[in-house]
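Below you'll find the structure, written out as structure tokens, and then a few comments.
Read the numbers this way: they start at 1 and go in the same order the structure lists the ligands and their atoms.
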Amino acid sequence: MDGNGRWAKRFGWPRLAGHKKGAESVRRVIRHSPSLGVETLTLYAFSSDNWKRPAEEVNGLMRLLGHFIEKEVTECRANGVRLEFIGRRDRLPSNLVPAIEGAERDTAAGRRLRVRIAIDYSSRDMLLAALRPGADREDISQALGPDVDLLIRTGGEKRLSDFLLWECAYAEFHFTPVAWPDFGERELEAAVSEFRSRERRFGEVYDTTAA
Ligand code: IPE
Ligand code: MG
């Protein structure tokens, strides 16, 4: 979910206006995902490196996350959407933690779509926490979460930025210049249909006629 700040700047608005608009894209994408066959959707809302941003933006983002959770839980629950949160919780504003726990509890029965929202998230830190002596691949994947099939990054940058490093071992990548606030059903459909047209080989050779 990248490009909120630049989107707002285009109109001469404060960056937070872009984040607010971005929250609407989150809602759209969550609503539309099940019909496209998406089972798990992981959203990168706030990275552990985002704490380096100006306090005003950080506080605004945290407030926005709180509002989002408060507003969306009922609809998620009604639509079989299970909300989970990944990342550190010990540095979050104290009111956000019970909100997160409540949202996870209230939507735990959801089976249509699993939505994981990454807040204060660092894939490297998650990996470090999952590495135990004797841990094998299965243990680590178990601790972290499912492998990623399709990774979408909006906003024009082409990098991972410490997101799902282990889980993306065989992910297909979709980079789009579209800013996150402009990302909607159409863009999601295009990304998924392009993904479905790709041949995933996982290191194997499928064309046995090739010598
Ligand atoms: C949203 O976009 C990503 C984050 C929440 C934190 P950005 O805030 O990174 O927007 P740009 O990249 O500056 O346009
Ligand atoms: Mg950015």
Side-chain angles (χ1 to χ4, degrees), residues 1-33 38 40-73 76 81 83-97 99-100 103-104 115-126 145 148 150-165 167-168 171 173-188 190-191:
M1 303 196 285
D2 196 17
N4 292 350
R6 282 165 287 159
W7 181 89
K9 255 197 151 165
R10 287 212 306 257
F11 302 96
W13 296 340
R15 293 177 55 81
L16 220 44
H19 295 313
K20 256 190 208 144
K21 195 75 182 166
E24 294 174 24
S25 298
V26 174
R27 200 168 301 132
R28 279 200 301 268
V29 165
I30 291 178
R31 281 193 190 146
H32 204 52
S33 284
V38 177
T40 303
L41 176 71
T42 307
L43 300 163
Y44 205 0
F46 191 88
S47 87
S48 293
D49 286 317
N50 287 149
W51 293 117
K52 297 170 191 161
R53 294 188 178 196
E56 191 190 338
E57 181 171 352
V58 169
N59 294 339
L61 277 167
M62 292 298 153
R63 257 201 319 276
L64 206 57
L65 282 164
H67 285 152
F68 180 85
I69 295 168
E70 197 183 311
K71 277 208 302 215
E72 295 308 308
V73 167
C76 286
V81 174
L83 289 173
E84 291 171 32
F85 295 82
I86 55 174
R88 282 178 67 162
R89 298 189 183 185
D90 58 310
R91 299 189 290 197
L92 299 179
S94 52
N95 63 317
L96 200 53
V97 180
I100 282 173
E104 288 184 331
V115 174
R116 304 192 311 155
I117 301 179
I119 304 177
D120 194 357
Y121 175 91
S122 155
S123 180
R124 286 179 163 178
D125 286 344
M126 298 292 279
V148 173
L150 171 63
L151 179 122
I152 300 172
R153 181 166 186 153
T154 59
E157 312 289 4
K158 297 186 174 106
R159 50 176 172 255
L160 266 181
S161 302
D162 201 9
F163 189 51
L164 304 172
L165 303 177
E167 298 92 316
C168 278
F173 288 85
H174 180 91
F175 295 107
T176 168
V178 173
W180 178 249
D182 289 330
F183 193 89
E185 287 89 347
R186 224 159 39 98
E187 286 72 22
L188 182 66

Between [Y] and [X], is there a side-chain heavy-atom distance shorter than 4.5 Å?
X: Val29; Y: Trp180; result: yes
X: Val26; Y: Met1; result: yes
X: Glu185; Y: Leu188; result: no
X: Ile69; Y: Ile100; result: yes

Report summary line: With Asn4 as partner, the option from Arg15, Lys9, His19 fulfilling side-chain hydrogen bond (donor to acceptor under 3.5 Å, both in side chains) is His19

Query raised in the report: Should the ring pair Tyr121 and Tyr44 be called parallel, tilted or perpendicular, given that the plane angle runs from 0 to 90° and is split at 30 and 60?
Result: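 Judged by the thresholds at 30° and 60°, the geometry between Tyr121 and Tyr44 is perpendicular.
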
N/O contact list for ligand 1, threshold under 3.5 Å:
{"unit_1": "ligand 1", "atom_1": "2 (O)", "unit_2": "Gly3", "atom_2": "N", "d": "3.3"}
{"unit_1": "ligand 1", "atom_1": "2 (O)", "unit_2": "Asn4", "atom_2": "N", "d": "3.2"}
{"unit_1": "ligand 1", "atom_1": "8 (O)", "unit_2": "Arg15", "atom_2": "NH2", "d": "2.9"}
{"unit_1": "ligand 1", "atom_1": "8 (O)", "unit_2": "Arg53", "atom_2": "NH1", "d": "2.7"}
{"unit_1": "ligand 1", "atom_1": "9 (O)", "unit_2": "Asp2", "atom_2": "OD1", "d": "2.8"}
{"unit_1": "ligand 1", "atom_1": "9 (O)", "unit_2": "Arg53", "atom_2": "NH2", "d": "3.0"}
{"unit_1": "ligand 1", "atom_1": "10 (O)", "unit_2": "Asn4", "atom_2": "N", "d": "3.2"}
{"unit_1": "ligand 1", "atom_1": "10 (O)", "unit_2": "Gly5", "atom_2": "N", "d": "2.9"}
{"unit_1": "ligand 1", "atom_1": "12 (O)", "unit_2": "Asp2", "atom_2": "OD1", "d": "2.8"}
{"unit_1": "ligand 1", "atom_1": "12 (O)", "unit_2": "Arg6", "atom_2": "NE", "d": "3.3"}
{"unit_1": "ligand 1", "atom_1": "12 (O)", "unit_2": "Arg6", "atom_2": "NH2", "d": "2.9"}
{"unit_1": "ligand 1", "atom_1": "13 (O)", "unit_2": "Arg15", "atom_2": "NH1", "d": "3.0"}
{"unit_1": "ligand 1", "atom_1": "13 (O)", "unit_2": "Arg15", "atom_2": "NH2", "d": "3.0"}
{"unit_1": "ligand 1", "atom_1": "14 (O)", "unit_2": "Gly5", "atom_2": "N", "d": "3.3"}
{"unit_1": "ligand 1", "atom_1": "14 (O)", "unit_2": "Arg6", "atom_2": "N", "d": "2.7"}
{"unit_1": "ligand 1", "atom_1": "14 (O)", "unit_2": "Arg6", "atom_2": "NE", "d": "2.7"}

Query raised in the report: To the nearest 0.5 Å, how far apart are CZ in Phe163 and CD1 in Ile86?
Result: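 Atom-to-atom, Phe163:CZ and Ile86:CD1 are 6.0 Å apart.
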
Report task. Give a yes or no on whether a salt bridge exists between Glu24 and Arg27, defined as a side-chain N under 4.0 angstrom from a carboxylate O. Result ->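 A salt bridge is absent here (no side-chain N lies under 4.0 Å from a carboxylate O).
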
Query - Other residues, nucleotides, ligands: >12 heavy atoms within 6.0 Å of Arg28 CZ - result: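 Yes, because the 6.0 Å sphere around CZ of Arg28 holds more than 12 heavy atoms from other groups.
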
Query - Proximal protein heteroatoms (N, O or S) of the Mg ion (ligand 2), under 2.8 Å - result: Asp2 OD1

